[in-house]
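Data block below; observations after.
We number each residue from 1, following the sequence as shown.
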Amino acid sequence: MLRNHRPRVDGPVAGPLRTSVLAALVAAALLLPLTGASAGPVDGRVLERAGVSRVPSASAPPSPDRITLTRCGPELASPDGLEAQTCVLTRGGDTWARVYYRNTTGEPVDADLSLLGPDGRAVRTTCAIDADDAPATCETPRERTRGTVAAYTAVSEFAAGAEGPLLLRSGSNSAHVMGS
């Protein structure tokens with residue numbers, strides 16, 4: 001008899017145990033790719049928290065209307081407890097601004113988000129920011145892209161109420177452009 005040989009386990013428990021182990025391995029194999037899935041800017045930039053994006057396969061080039069170009073400024077934080085990153089996004093001939101933020105001040109604040117385009121055009125949105133400490137986003141309406149994408153910038157300003165002091169200003173002043 002071999003030294004490390006173990007007798008085969010048979011009986012009423014062996015079948016269900018093997019089935020449970022096999023089911024757990026299949027579930028782990030299916031869920032493992034989802035743990036690394038994310039959308040939005042990476043490498044020190046805030047990840048898009050609203051959904052999951054699939055990376056297009058190398059065999060089928062993505063159509064231009066499915067690619068989102070993202071130009072984001074740096075992640076900023078105020079001493080009062082606000083964190084924000086402002087971006088300009090372009091997809092399929094539309095351009096809009098988005099700010100990723102987190103409010104840890106314990107108080108609700110107001111945010112103004114502006115998309116500044118060529119020829120002095122501007123789109124502005126006001127967002128009421130809750131004091132719930134959860135990461136969230138605010139976006140301007142999308143508009144048809146006029147001119148070059150590089151001509152667009154975005155600025156977000158956070159204040160304690162309409163007449164309160166400015167707590168944080170964030171802009172899309174980065175030259176780094178990402179495609180997703």
Looking at every non-hydrogen atom in both residues, tell me the closest pair between [X] and [Y] and how far apart they are.
X: T86; Y: A154; result: CG2-CB, 3.6 Å
X: A77; Y: L168; result: C-CD1, 4.3 Å
X: C138; Y: Y101; result: N-CE2, 4.0 Å
X: A97; Y: L89; result: C-CD1, 4.5 Å
X: D130; Y: N103; result: O-ND2, 3.1 Å
X: L76; Y: R169; result: CD1-O, 3.4 Å

Is there a path of hydrophobic side-chain contacts, each under 4.5 Å between heavy atoms of I/L/V/M/F/W/Y residues, joining V99 to L82?
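Looking at the clustering, V99 is in the same group as L82.
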Check the hydrophobic clustering (I, L, V, M, F, W, Y; side-chain heavy atoms under 4.5 Å; chains of links allowed) and say if I129 and L113 are grouped together.
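The answer is yes; both residues are in one hydrophobic cluster.
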Is it the case that the side chain of S114 and the backbone of L116 share a donor-acceptor pair, with hydrogens and angles ignored and the cut-off at 3.5 Å?
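Not at all, since once roles are kept as given, no pair shorter than 3.5 Å links the two residues.
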Test your reading of the model: is there a side-chain donor-acceptor pair from T104 to the backbone of D133, 3.5 Å cut-off?
no
Residue pair E143, D94: steps toward the side-chain contact (heavy atoms from CB on, under 4.5 Å) verdict:
CA-CA 5 Å; E143 73 165 20; D94 289 336; over 6 Å; no
Within this structure, what is the [atom1]-[atom2] distance for the pair [X] and [Y], rounded to the nearest 0.5 Å?
X: T126; Y: E157; atom1: OG1; atom2: CD; value: 10.5 Å
X: W96; Y: T145; atom1: CH2; atom2: OG1; value: 8.5 Å
X: Y100; Y: T137; atom1: OH; atom2: OG1; value: 7.0 Å
X: T105; Y: L167; atom1: OG1; atom2: CG; value: 7.5 Å
X: R98; Y: R142; atom1: CZ; atom2: CZ; value: 7.0 Å

Step by step, would you call R146 with D119 a salt bridge (charged side-chain N to carboxylate O under 4.0 Å, His left out)?
CA-CA 9 Å; R146 293 176 174 89; D119 301 326; over 6 Å; no
Checking T90 against T95: is there a side-chain donor and acceptor pair closer than 3.5 Å?
yes
Please determine whether a side-chain nitrogen of the Lys or Arg among D112 and R124 lies less than 4.0 Å from a carboxylate oxygen of the Asp or Glu.
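The answer is yes: the pair qualifies as a salt bridge.
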If you define the side chain from C-beta out and look only at heavy atoms, does anything of S170 sit under 4.5 Å from S156?
yes
